[in-house]
Amino acid sequence: RLHTVAILGRPNVGKSTLFNRLVGRKQAIVDDTPGVTRDRIEGICRLGRIPFRVVDTAGLEAGPEESLAGRMRQVAMQGLAEADVGLFLVDARTGITPMDEEIAAELRRQAKPILLLANKSEGRIAEAQAAEAWSLGLGEPLLVSAEHGDGLPDLLAALEPYL
Ligand code: GDP
Ligand code: MG
């Protein structure tokens, strides 16, 4: 069976950039405008000889169930439900936001392994800020830079037990 990894997080944290980095193609649209990814996008990544499926989800925006944000949120949580492990991204440059905290609380309630990624961690200032992510109660944040590829070997090593 092909295992599945779902990429989660609020808009603009770099989910689509990480997806493209893992899948090795510019398949997901990367944009500064929040909410560009409306539907889930899937691709195949490889860890050594083990292939696994990666799902880029829409940003987990807070909002009422019947709103667009609410529907996007449901799609993302559905993506997690179907996955073997979730990658929860936060932005080490902006720091932890109330929306990150809300999503983290929801993820802690799921019985699903979650790896916490502090993205945009290139550079020393962001590296120091990334430690803030410990406060989310999801364990040790892995420092990565989806744009530059920093931390990818560590990320793949952390994923290995779930694949
Ligand atoms: P999404 O909304 O979570 O899918 O985020 P995107 O992948 O569309 O990225 C949002 C913005 O963050 C874009 O301008 C990216 O170029 C930028 N970005 C993504 N990853 C990194 C990173 O590792 N470092 C920096 N500095 N910027 C990044
Ligand atoms: Mg996106």
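All values reported here derive from a predicted model rather than from experimental measurement. Atoms within a ligand are numbered from 1 in the order they appear, just like the ligands themselves.
A 4.5 Å side-chain heavy-atom check between N12 and D91 finds every atom pair outside the cut-off. Contact check for L136 versus F88: side-chain heavy atoms found under the 4.5 Å cut-off. Here the side chains of V90 and I103 are not in contact, with every heavy-atom distance at 4.5 Å or above.
Residue S16 counts as close to the Mg ion (ligand 2), with an N, O or S atom under 2.8 Å.
Of the inter-residue distances, the one linking L18 atom CG with I7 atom CD1 reads 4.5 Å to the nearest 0.5 angstrom.
Under a 4.0 Å N-O distance rule, the pair K15/D56 does not qualify as a salt bridge. Under 4.0 Å is where a charged nitrogen must lie from a carboxylate oxygen, and between R93 and E122 at least one such pair does.
Interface atoms of ligand 1 facing E122, defined by a heavy-atom separation under 4.0 Å, are 22 (C), 23 (O), 24 (N), 25 (C), 26 (N). For ligand 1, the atoms sitting less than 4.0 Å from at least one non-hydrogen atom of K15 are 1 (P), 2 (O), 3 (O), 4 (O), 5 (O), 7 (O), numbered in the order shown with element in parentheses. Near N119, meaning under 4.0 Å from one of its heavy atoms, ligand 1 places the atoms 20 (N), 21 (C), 23 (O).
In terms of polar-atom proximity, G14 is counted as a contact of ligand 1, with an N or O under 3.5 Å from an N or O of the ligand. Here's the thing with V13: one of its N/O atoms is less than 3.5 angstrom from an N/O atom of ligand 1. At under 3.5 Å, a nitrogen or oxygen of S145, whether backbone or side chain, sits near a nitrogen or oxygen of ligand 1.
A side-chain donor-acceptor contact under 3.5 Å links T97 and D100.
Note on ligand 1: A146 sits in its first shell, one or more heavy atoms being nearer than 4.0 Å.
Taking all heavy atoms of L8, T17, L117, N12 into account, the minimum distance to atom 10 (C) of ligand 1 is reached by N12.
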